[in-house]
There are 2 protein chains.
Amino acid sequence: MADFDKNDMDTFCRAPFFKGLARQTVERLFAVGDCATFAKDTLISSIGDNFGTVLFVISGLLRVSVCSASGRRITFLLVKEAEPYNLLGPYLNRSRFLEAQALEKTRCLKIRDRDYLKFVEQHPAIVHNILQWIGKSLDSANSRLLDLMEKKVETRILRVLSTLHQKFGSPLLFTSQEISEIAGTTPESTLRTMGLLREMGILSTQRGKIWIHDPPALKDTEFGAIKI
Amino acid sequence: MADFDKNDMDTFCRAPFFKGLARQTVERLFAVGDCATFAKDTLISSIGDNFGTVLFVISGLLRVSVCSASGRRITFLLVKEAEPYNLLGPYLNRSRFLEAQALEKTRCLKIRDRDYLKFVEQHPAIVHNILQWIGKSLDSANSRLLDLMEKKVETRILRVLSTLHQKFGSPLLFTSQEISEIAGTTPESTLRTMGLLREMGILSTQRGKIWIHDPPALKDTEFGAIKI
DNA sequence: ACCGTTCCATGACGGCCGTCATGTACGAAC
DNA sequence: GTTCGTACATGACGGCCGTCATGGAACGGT
């Protein structure tokens, strides 16, 4: 418990995932877990292994992605502070094909599968939060499916920029490569699109940084938003 | 309760979703629900409404899809007997953008959101089943994302045919239109691909029917399977 | 200050596949 | 049996966008 301070718990209590939970419940969650710190670029779980540990990011950023046979990476999720990773892992005793990596130095609350399962049993209130979170993830995945089937690359990139802006603010610290891995396209297409947006005065770019000047212009909403 | 017979419960008890649950639990699930029968082509929930009811199909088939602005339909899920629909709806008190429709005459066990929430609270064992089911759905959605970003149309159609064959056997009672709505392509592309497969002797087709002669030939697995 | 690496930027090309068009065949209804 | 609606089948065209190539700029390490 010495690993965590009161501040960490405060942050969690205010975060969307923990909404509606008693502070005591959050404290007990901390009590059943350990602190784990991953250096930048650490591979936390790789494809094929049976990763049953649940993580809650305290500070830093995790990327959940796969690297396909053709060498292209596809990013499913970015996990930031007070967000959970692998909520369902302990319930699926089979290897998943996802890979998690720390994009920067990341400190996590780490909970072993058995402790997690026991905790959920003993604190049924959290089931509500878990299901809500997963539900949003599922809706988001479906929205992205729709985007990929329906929309052109430019629209998808717009959506990704908009979503990232909502989640991380401005400037965005991502390269065109990283953007393209989320949008499902190539760095070249991303750069071309951002070139257009720059001409339109909607954003400006620097090596690894993107300033969004006109967030509403990115909104092209049809149906639900995606969640990254 | 007179709406259901012992046979219905037997089917459910044997089904994957209910694996590991006591028969008594299944019986009580039936007890809190009503029987609902939908005629073919009935729209069960449409886009934008706040559909909080959980359904378990007893017989028949439901399609979960969206119809995009450009008029193209995209099918996310086919729900067959002993499978659940809208497991998470009661936990997400916001309108979802999915639309459910009965593809044939379909009989369901219908459970109102409040009854469902109460049931889950009183029967924590089912949480495990729910999370497992949702976990598979999430993995499946991610697999489809990967397919759409990575694979060409032919491969996707192959995957869809393979998955449908596993779930429904042979012959498949789907039109090229319906296949394309799952694979995220057009009927023309689907027909062209199936033309090739027919020449290779892997399948044969008739109006609305597809016989798969060589299921292994359809397998081109990389990473997880999709689930339709 | 030099150099290597990484990222940005932009042009040219080509192929996949979505769109349109046309014709055929099957099945249901009367 | 005739008719009509729907699905199958296949060809032609065109555009989006992925790939390759080239050059320049920014940053870090020594």
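All figures in this text were calculated on a predicted structure; none of them were measured in a lab. The sequence lines fix the lettering, A, B, ..., with proteins before strands; numbering per chain opens at 1.
No option in A/Leu197, A/Leu164, A/Ile179 other than A/Ile179 meets the side-chain contact (heavy atoms from CB on, under 4.5 Å) test with A/Ile210.
Between A/Glu154 atom CD and D/dC17 atom P the separation is 7 Å, expressed in whole Å. As rounded to whole Å, 15 Å separates atom C1' of C/dT6 from atom CD of A/Gln206. Between A/Arg73 atom CZ and D/dG18 atom C1' the separation is 19 Å, expressed in whole Å. Atom CD1 of A/Ile157 is separated from atom C1' of D/dC17 by 10 Å (rounded to the nearest Å). Residue B/Gln177 contributes atom CD, which lies 15 Å from atom P of D/dA9 at whole-angstrom precision. When the C1' atom of D/dC17 is taken as reference, atom CE of B/Met149 falls 15 Å away, rounded to whole Å. Atoms CD1 (B/Ile74) and C1' (C/dG18) sit 14 Å apart, rounded to a whole Å. In this structure, the CG atom of B/Leu203 is 14 Å from the C1' atom of D/dC8, given to the nearest Å.
Remark: B/Thr185 is not in phosphate contact with C/dC17, judged by side-chain N or O atoms under 4.0 Å from OP1 or OP2. Under 4.0 angstrom from either OP1 or OP2 of C/dC7 there lies no side-chain N or O belonging to A/Ser176. Taking side-chain N and O atoms only, A/Arg156 has no distance below 4.0 Å to OP1 or OP2 of D/dC16.
A distance-only check finds a donor-acceptor pair linking the side chain of A/Thr106 to the backbone of A/Glu104 [under 3.5 Å]. Between the side chain of B/Ser170 and the main chain of B/Ile212, a donor-acceptor pair closer than 3.5 Å is present. Between the side chain of A/Lys19 and the main chain of A/Asn129, no donor-acceptor pair closer than 3.5 Å is present. Of the possible polar contacts, none joining the B/Ser189 side chain to the B/Thr185 backbone as a donor-acceptor pair under 3.5 Å is found.
Nearest-nucleotide positions on DNA chain D for A/Lys209 and A/Lys152 put A/Lys152 closer to the 5' end. Of the two residues near DNA chain C, B/Arg207 and B/Arg72, the one whose nearest nucleotide lies more 5' is B/Arg72.
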> Going through the checks in order, is the side chain to side chain contact (heavy atoms under 4.5 Å, CB included) test met by A/Leu218 and A/Ile202?
Replying inline: CA-CA 8 Å; A/Leu218 299 175; A/Ile202 296 177; 4.0 Å; yes

>> The test is side chain to side chain contact (heavy atoms under 4.5 Å, CB included); show your working for A/Ile111 and A/Thr53 and say whether it passes.
In response: CA-CA 6 Å; A/Ile111 302 174; A/Thr53 305; 5.7 Å; no

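Remark: aromatic rings of A/Phe56 and A/Phe18 are close, center separation under 6.0 Å. Outside the 6.0 Å centre-distance limit, the rings of A/Phe17 and A/Phe12 are not counted as a close aromatic pair.
When the local axes at the two ends of the helix from C/dA1-D/dT30 to C/dC30-D/dG1 are compared, using 5 base pairs at each end, they differ in direction by 50° after rounding to 10°.
Taking every heavy atom of residues 186-199 of chain A and every atom of DNA chain C, pairs under 4.0 Å involve A/Glu188, A/Leu191, A/Arg192, A/Arg198, by number.
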